[in-house]
Each structure stands twice: as structure tokens, then as C-alpha cells.
**Student:** 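Here you go, one structure.
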Amino acid sequence: MNERGKKLPLEGVRVLSLTASWSGPFGCMLLGDLGAEVLRLEQIQYAGGMTRGVDARPNEKRWANDKNGGVMQYVDRKPWGANGEYPWNRFSFGNCHLQNTHSFTLDFSRPKGWELLKSVIKMSDIFIENNTPTTAPKLGFTWEFLHEINPRLIVIRSPGFGLDGPHTRWKGFGRNIESAIGHAWLVRYSEAPEHLLSNRQTYLMDNLGSHAIAVSAMMALLERERTGKGSHVEVAQAEAAMGGLPAPWIDYFANGRMRSPQGDRLTTAVQGCYPAAGDDQWVVITINNDEEWKGFCDAAGNPPWTHDERFDSLAGRLENQDELDAHIAQWTKGYTNYETMYLLQAYGVPAGPVMTEAMNFADGHLKDREFFIEETQKWCGTHLYTGYVGKYARTPRKNRAEMPPCGLGEHNEYVFKGLLGLSDEEYAELEREEYIGTEILAKAKESL
Amino acid sequence: MDKQPFEGMKVLDLSNHISGSFCTKLFADHGADVIKIEKPGRGSLTRHIPPFVGDTPDLNKSVYFLYLNTNKKGITLNLKSDAGKEVFAQLVQDADILVESFAPSVSSALGLGFDEIEKLNPRLVMASISNFGQTGPYRDFKASDLIEYAMGGAMYSTGLPDREPLTKGPNSLLFETGMQTCYAVLGAYMEARRDGLGDHIDISIMEAQLAGCERRSANLLTYQYTGDITRRLSPTAGVLSTVPLMLPCKDGHVTLAIGPKNFKRFLTLMGRPDLVDDPGWDPNHMELSPEVMKIYRDCFSQKTKSEWSEMFQKEGLICTPLSNPEDVCTDEHWTQRDFFVEVNHPVAGGIKYPRGAFRVEPEWWKIRMPAPLLGQHNGETYRKLGYTNDDIKALEAQGAI
């Protein structure tokens, strides 16, 4: 197709990011993918959050204590030893969403740093932060201040519970917030207390929150063209998540009903997760209607149990699903999850493997679509990273491979010399006085 | 009246299921003129998904349809008929954005290939949402919400270690895809309005999950970095394990995140200051034994989940209630923030829905009209295209609308 004349959609837009994993940095990267210049503000006086590692320099004891808790996800596992320098640049929680991002460090708690930061704010189009509501104002970033020094600046604030209301100051990790908004209650095997789960390792607010940040940034840019002024936008991560899970709330308001957890099942189709050949391998099947049921029976070779008349209608299959599931599970155990997928799909029945990360990277369909991106990052080497949402036929994206996950302070020279025009001497002084740097200080405050 | 960000944008919504409808809802709720095009008679698939208001299946009472189609005009059109195709071509010529979610084989059969569409309107941004994308070996495979989560999402690591992997919130990943599609569409639109050149976006729901933002995106990278796959964790496993992640209390459960740093304050607030100097209660050298658990349980049974949450959060410690839908819908926090807003619908009545995710002064988000009845805006829309009342009657008689 003709690509002549196509520029990056957000070329010329500068984003100042004061964000922590996941939704904030990811939302900024999404804007970077479209051509915005993202400047990520970090500090060598501060270790942490989840973006650069829970500890600045984790040791063997921390690694041993992690017990697969998920906070020791570094290149080669152990972030020390011969290849262990700059652990904060080698941490997967940050590196999964720091592409197309410039990192600069600055101690803005001292007046000289604050003045420099003011110059960056003045040349920015969008300011994004996703901390608890008290953090940004405490550091000096109030809307009044930002708007006064740069009336065209769009300010996007994305705290968990929002900027006002009784829980506004509540803190929590994804799992704590998602408990408070009902997601943990809704997703269980059953009503039994032992089926309550709080560590789901996957949270709606991150995906909906990050994309809501990017969407609102573009809306505010459209708005600014009309008004000439930057908007003050609030994106409460919890509200973004709740808007993507509407049925339980509307059902409650309309019918007074509390939807009960039903595991992987549906009330409108026979659906389940069944064991496959292999260790801890699973396949998911959805049988919506009589046609798909017939397809399933044919695929399975019409064994006698498929002729049970209780299974003839959808209502009957749903009513007797415990028994039906036992038969299906017996059958699926004989095949790998991929074999079941290919077999059932050939008969028009929706089915697919429950994929581990290893299976995702090996999957032929994703390879065919060239989904993953190979990126070489200075501290980590070459790996495959997840790709983009949607394929454009024409619109160019800034290639993440050309700007792999940024190291801490990697773009200090660009920001201070290139954008702010500091001399070599002035820059060296900033380094000497520990305003800027690329290594977290030994005396840095730990966040957790 | 203050303007909304998408005012003046024209969007055609051909989507049958949730993702596309949520994407176009985001445009409609923030000011765009969105026309939802449905199949005559049966309407869109989302009209048939339970739950229904009053629990009776009705084309106008699916809570999904009602929520997904606020602020849209609704028309019916048979895209298989020649007359229908002609009308559709006229609509495309006037649109900025088109969102469709037919199976890839169906859309080309309907003449919805981008090559054809582009001839009608070269500046149109068109998004095609499908299970696995417009190309590749799985292109024509069928899927469900759960299958997409299994293949693209974090299902393998969701649930208990000794049980099968578990779903996420009902249909939520389809809403995620809708929000992600809105982002992708806006990206192309920002450029198309500068250079007048449209685009076609191929959205695969499976890839939307993989490319999305959550722990799974880090876990995929962790696998690259370490070779470790992420497994389902036992409920007691966690980052800060001196206090369980969840404890039963008077009226339910609370979730906690208490690290060693806050352990002494936690014990005091819990009601056991006597344990603070007890050598057996050193957070770095203790196990969650049955005796320890009993003490936690006895303490926590004294107060309700909101009492505990408020008390700990006031002191800066992380504790939240495990809320059920009733708790959420009656939570003072969301009430004060007017998160649930009543919308009146002529058939379904007045019901509260979640409001939009963006809050701006003056408001970007507005309810201008409820979800349309099937074909509600046929007359208005077709007259605007130049059809007379007699023409419209003739189209109806042909089954085109």
C-alpha cells in the first residue's frame, strides 16, 4: 500500500512521565509507539516501586526468600555476579513497558533540580502520573502550578481509587484494589471459602487503565486544538476496570441479584477447562449449540456416552454438566491440548490450549503473524518482547526494537544537553552533585 | 453547551459482539455521532446475551446491549441485499471511522474488504476485530471469551495449583479489547485527519491480550529472561508473607499487604500490642503456623471488612475489603463519586450503569440518549441520505431494512 506522506501520528508531542508499573509507564509507551517523545522522570535517590525492582540491589537472601513470589524476575534470574550490574535495568516488570521511552534522572527536591524540571515542564505537552493522589502534589506537581507555568500542558492523573471520595487515599497493589471492586469475589471455582483467591496475578485495571490513559491523552490533544488549553484529566484505574466489567453491577441494580461465581462455566453454553495429555496441561472447550455439540460428538468418534439422550438438548447438557464434563475430561486426556484444538476446530467447535509463556513463544500462528518483537537492550541482551495491539496497514509506528527498554538515566545527555542546552561543564556538575546519574545511590530510599 | 472531544466525528458501528461495541461506545459517550448498524429482525448478538432486565429475554433488555450502546443511533440494514449494499456505501462515504467484527471469511463475502471500502472513502479509518486476526493459521478458528483468555491471556497462572486454570471476570477481556481498539483507531485517526489517508487496522483479540498491560506482559518477558513459566500460586504464596494475603473477618474477608517494615504497627492495630516485643513474632523469622493463623483469625473476627480497611488505611497500611457486587454497588466511595449513573430507557426503564473512565471539567462524558431500539433511527437516517418515505417503505418491503 501507498505509505507516502505518512508520519508518526503523535510526532511533535512530548510526554513527561512520573509513573510506576504497570498502567502509567505502559500508557506512556503506547503514546511513544505512536511517535510521542516520552521523557520518563526518575531519581537515583529512590529505589523502586515495581518498575525498577523492589530492592535496588537484591542479594542472594532475597532471591532465596522469594519463593516464586515473582519479585526476582531478572535476566538470568540472579541479578548479581559477573553480569549483574545495573540490576534496575534488567528487571522484567519495568522492561516490559519501557520501550520508546527516554529515561532521565533528576533530584528535583533541591531548588536547582526543581528549576531544571520546570524547564522540562514548559516544553512538554502532556504530564502523566499514576501514583496515590497525595504523592504528586506533595512533590510539587499540583494542577494549579503545572497549568500556570504551561497553560497548554495536558495533565493526566491516574490513581487507583480516584482523586476524591472516601477511599481516595487508600493504597493497594492490584490484588487489593481488585478485591475492593468485586473482581476477586466474582472469579472463583465456587462459593466455598477455600476458593477465595487474592493473588490472581492478572488485573483488569492495568490493561484498561493504561489504554484509558493513552486514549484520554489523544482526546485531550483534540480538545486542545479547539480550546488552546490543556485539560486536567482524571482516570481512576478502578473505574476503568469496573467499566469493563459492567454486567454484575447492572444486574444488581436492575434485578437485585448477586451473580454467583461459576468457575469456567457459562449458563448459555457447555464450557470448561479440561485436562490434556502432559503435566499440568489443559484445553478449553466451548460448545454453544446443537450444531457444535454434533461437531464435538463426531470429532470424538461418537462414543456411546454421546448418545445419552439427556445430552440431546442444550438445556439437558447444562443440567447434567457434571456428568458430561467427566466424559469430556476422560476424552481430552488422551490428546495434547493442541491436538484437541485442531481436531475440534476442524469440526467447527471452539477449542484452544491453555498456553504457558513457552507455548506462546512457540506458537505457529503468532510466528506467522510476526507478533513478537526481537529487541536488543544493552544490559539484557537479545530477547523477544510482546508486540503491538492491532496491525496497521499504513500508519507507521515507532519501532520498539529501535528504542528498547530504557536504562535508568540513559537519556540524561539528551534531556539536559540536547533539550535544555546545558554545557558539558554544567552537565558534569549535575553528575558530581548527584542531581543526575545512572546508578541508584546506596543511600536511596526503599519503597517497600 | 460545552463541546465534547469527539464532537463532529462520524462513526459506523457494524460490530456484532462486545469488543467493537465497547470501542464505539467510547466514541459515542464522548461526543461522536455513532450509527449502529444491525441485522433486520434479530439485531446484534449483544441483544441476546444474559442477564436481562427483569430476567425475561427481550431484544431491548440485555444489560450488555443497554450499556454498550448508549448515545448511538440504531438502524437496520441487510448487507447481503443489493439495496442494502447501496445504502451502506452511502453511509461509508460520509464516515470517519468504521468498526466491524465479522469473521474474516464473512466480511470479505459481504463486500467489506478494505480494498472495496477504501474506494468509497479513502480517508476512512476501518478497524476489523476478530478472534485471531485477518491472517495466519488460526484465522478462521472459533473462540469464546474463555478460549481467548486461555490462548492470549494469563489463564494458565490463574487459579489454585491443584485445580484447573480459571477464567477472569465475565467477558472482561472483550471490553479490554474494545478499549485497546479505541486506542489503535485514534492513533490512525490522528494521522488520517492530517494527511487525508485512511487505514485498515487488523485487531486480533488473542494478540490484544498478549500485547496488553498486566502481570502477564512481565511474565512473558520473565520467561525470555529466565526460562521460568508462571504457575498458579497457592493462596499463601506472596511477596510479603509475614501476614496472609487474605483473612476472614466478621462479615467476610479482607485482603492485606503488610511487609516487615509495618509488621509491628500491624500487630498493634490488630489489637495485639503485647506481641510486638515477643521474640516468636519476628517477621523475618516466623512461619504462618496454625497457632499464628489462629491468633490472626481471632483478632480479625472482631471487626467488619470495612472497619478493618478504614482503620488500617488511615494509618497507611494496605488493607481492602473483599467486596461482593452488592458491596460495590452500595459503596459510599462510588456513590459519592456518582460512578453509577441512572439512564432511562423507554423499554428497560431507569437503571444505573457505570459512567465513563475519564473525569474532566467541563465533562467529556455525557448521556445524550439511551441505547436504541432495533431500527429506531431508520427513518431519520435514511431521510438524511435522501430517501423519501416511500423509498423507505420499499426498502422495508424488500427486507433491506
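Here is the naming used below: chain letters follow the sequence lines, and residue numbers restart at 1 for every chain. Values below: all heavy atoms of this structure, side chains included; hydrogens, waters and symmetry mates excluded.
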**Student:** Name the region of B/Pro50, side chain, backbone, both or neither, that has any atom closer than 4.5 Å to a heavy atom of chain A.
**Tutor:**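 B/Pro50 touches chain A through side-chain heavy atoms alone.
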**Student:** Sub-3.5 Å donor-acceptor pair from the side chain of B/Asp202 to the main-chain atoms of A/Tyr392, do we have one?
**Tutor:**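 Answer holds: no.
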**Student:** Measure from NZ or CZ of B/Arg231 to the centre of the six-membered ring of B/Tyr156 and say whether it is under 6.0 Å with the direction within 45° of the ring axis.
**Tutor:**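 No - B/Arg231 does not lie over the ring of B/Tyr156 by the 6.0 Å and 45° rule.
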**Student:** Look at B/Pro51, B/Pro321, B/Pro165 and state which one has the largest set of heavy-atom pairs under 4.5 Å with chain A.
**Tutor:**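 The residue among B/Pro51, B/Pro321, B/Pro165 with the greatest pair count is B/Pro165.
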**Student:** Give every donor-acceptor pair under 3.5 Å between a side-chain atom in residues 177-190 of chain B and any protein atom, sequence neighbours left out.
**Tutor:**
residue, atom, partner, partner atom, Å
B/Thr177, OG1, B/Leu173, O, 2.9
B/Gln180, OE1, A/Asn207, ND2, 3.4
B/Gln180, NE2, B/Ala208, O, 2.8
B/Thr181, OG1, B/Thr177, O, 2.7
B/Tyr183, OH, A/Leu30, O, 2.6

**Student:** Using a strict cut-off of less than 4.0 Å between a Lys/Arg side-chain nitrogen and an Asp/Glu carboxylate oxygen, indicate whether A/Glu223 and A/Arg226 qualify as a salt bridge.
**Tutor:**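 Yes, this pair counts.
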**Student:** Side chain, backbone, both or neither: which part of A/Ser210 has a heavy atom under 4.5 Å from chain B?
**Tutor:**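 Interface part for A/Ser210: side chain.
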**Student:** Taking side chain as everything from C-beta outward and backbone as N, CA, C, O, which of these in B/Pro354 sits under 4.5 Å from a heavy atom of chain A? Side chain, backbone, both or neither.
**Tutor:**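 It is the side chain, since no backbone atom gets that close.
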**Student:** Shortest non-hydrogen contact from B/Ser144 to A/Thr286?
**Tutor:**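 Distance-wise, the nearest heavy atoms are OG-OG1, 2.7 Å.
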**Student:** Can you name the residues that form a salt bridge (charged side-chain N to carboxylate O under 4.0 Å, His left out) with B/Arg139, not counting sequence neighbours?
**Tutor:**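 Expected list: none.
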**Student:** Is the closest basic N to carboxylate O distance between B/Glu191 and A/Arg394 below 4.0 Å?
**Tutor:**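 Looking at A/Arg394 together with B/Glu191, the answer is no, because their closest N to O distance does not fall below 4.0 Å.
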**Student:** Do other residues, nucleotides or ligands put more than 12 heavy atoms under 6.0 Å from the NZ atom of A/Lys171?
**Tutor:**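 At most 12 heavy atoms, drawn from other residues, nucleotides or ligands, come within 6.0 Å of this atom.
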**Student:** Please flag which part of A/His383 lies under 4.5 Å from any non-hydrogen atom of chain B: side chain, backbone, both or neither.
**Tutor:**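 Backbone plus side chain of A/His383, per the 4.5 Å heavy-atom cut-off to chain B.
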**Student:** Checking heavy atoms, do the side chain of B/Gln336, its backbone, both or neither come under 4.5 Å from chain A?
**Tutor:**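 Contact with chain A is through the side chain of B/Gln336 alone.
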**Student:** Chain B heavy atoms under 4.5 Å from A/Asn95: which part of the residue, side chain, backbone, both or neither?
**Tutor:**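 When you check distances to chain B, atoms from both the backbone and side chain of A/Asn95 fall under 4.5 Å.
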**Student:** Using 0.5 Å steps for rounding, measure from the NZ atom of B/Lys352 to the CZ atom of B/Phe339.
**Tutor:**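 One finds 12.5 Å between NZ of B/Lys352 and CZ of B/Phe339.
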**Student:** Please flag which part of B/Glu7 lies under 4.5 Å from any non-hydrogen atom of chain A: side chain, backbone, both or neither.
**Tutor:**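 Contact with chain A is through both the backbone and side chain of B/Glu7.
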**Student:** Please determine, among A/His97, A/Arg257, A/Lys367, the option with the most heavy-atom pairs under 4.5 Å with chain B.
**Tutor:**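 So the answer, after comparing A/His97, A/Arg257, A/Lys367, is A/Arg257.
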**Student:** Counting only heavy atoms closer than 4.5 Å, note whether A/Glu292 contacts chain B via side chain, backbone, both or neither.
**Tutor:**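 The side chain, not the backbone.
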**Student:** Against chain B, work out which of A/Ala240, A/Gly243, A/Cys380 has the most heavy-atom pairs shorter than 4.5 Å and name it.
**Tutor:**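 If we count pairs closer than 4.5 Å to chain B, A/Gly243 comes out on top.
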**Student:** Can you say whether A/Leu266 sits under 4.5 Å from chain B via the side chain, the backbone, both, or neither, judging by heavy atoms?
**Tutor:**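 When you check distances to chain B, no heavy atom of A/Leu266 falls under 4.5 Å.
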**Student:** Is it the side chain or the backbone of A/Thr268 that comes within 4.5 Å of chain B heavy atoms, both, or neither?
**Tutor:**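 Contact with chain B: side chain only.
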**Student:** At a 4.5 Å cut-off on heavy atoms, which part of A/Tyr252 comes close to chain B: side chain, backbone, both, or neither?
**Tutor:**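 Answer is side chain: those atoms of A/Tyr252 sit under 4.5 Å from chain B.
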**Student:** Of the backbone (N, CA, C, O) and the side chain (C-beta and beyond), which part of A/Trp249 lies under 4.5 Å from a heavy atom of chain B, both, or neither?
**Tutor:**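 Its backbone and side chain both get close to chain B.
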**Student:** CZ/A/Phe173 to CG/B/Leu256 distance, rounded to the nearest 0.5 angstrom?
**Tutor:**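 It comes to 12.0 Å.
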**Student:** Is A/Leu366 close to chain B through its backbone or its side chain, or both, or neither, when contacts mean heavy atoms under 4.5 Å?
**Tutor:**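 A/Leu366 touches chain B through side-chain heavy atoms alone.
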**Student:** Below 4.5 Å from any heavy atom of chain B, which atoms of A/Ala220 appear? Answer side chain, backbone, both or neither.
**Tutor:**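 Answer is both: backbone and side chain atoms of A/Ala220 are under 4.5 Å from chain B.
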**Student:** Could you look at B/Asp331 and say if it's the side chain, the backbone, both or neither that has a heavy atom under 4.5 Å from chain A?
**Tutor:**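 For B/Asp331, the side chain is the part near chain A, not the backbone.
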**Student:** With only heavy atoms counted, which part of B/Asn219 is less than 4.5 Å from chain A, the side chain, the backbone, both or neither?
**Tutor:**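 For B/Asn219, the contact with chain A is made by backbone and side chain together.
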**Student:** With a 4.5 angstrom heavy-atom cut-off, which part of A/Asn288 approaches chain B: side chain, backbone, both or neither?
**Tutor:**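 Neither part.
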**Student:** Please flag which part of A/Phe361 lies under 4.5 Å from any non-hydrogen atom of chain B: side chain, backbone, both or neither.
**Tutor:**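 Looking at A/Phe361, just its side chain touches chain B.
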**Student:** State, without any angle test, whether B/Ser204 and B/Tyr138 hold a side-chain donor-acceptor pair at a distance under 3.5 Å.
**Tutor:**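 Judged by distance alone, the side chains do not pair up.
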**Student:** Where on B/Phe340 is there a heavy atom nearer than 4.5 Å to chain A: the side chain, the backbone, both, or neither?
**Tutor:**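 It is the side chain, since no backbone atom gets that close.
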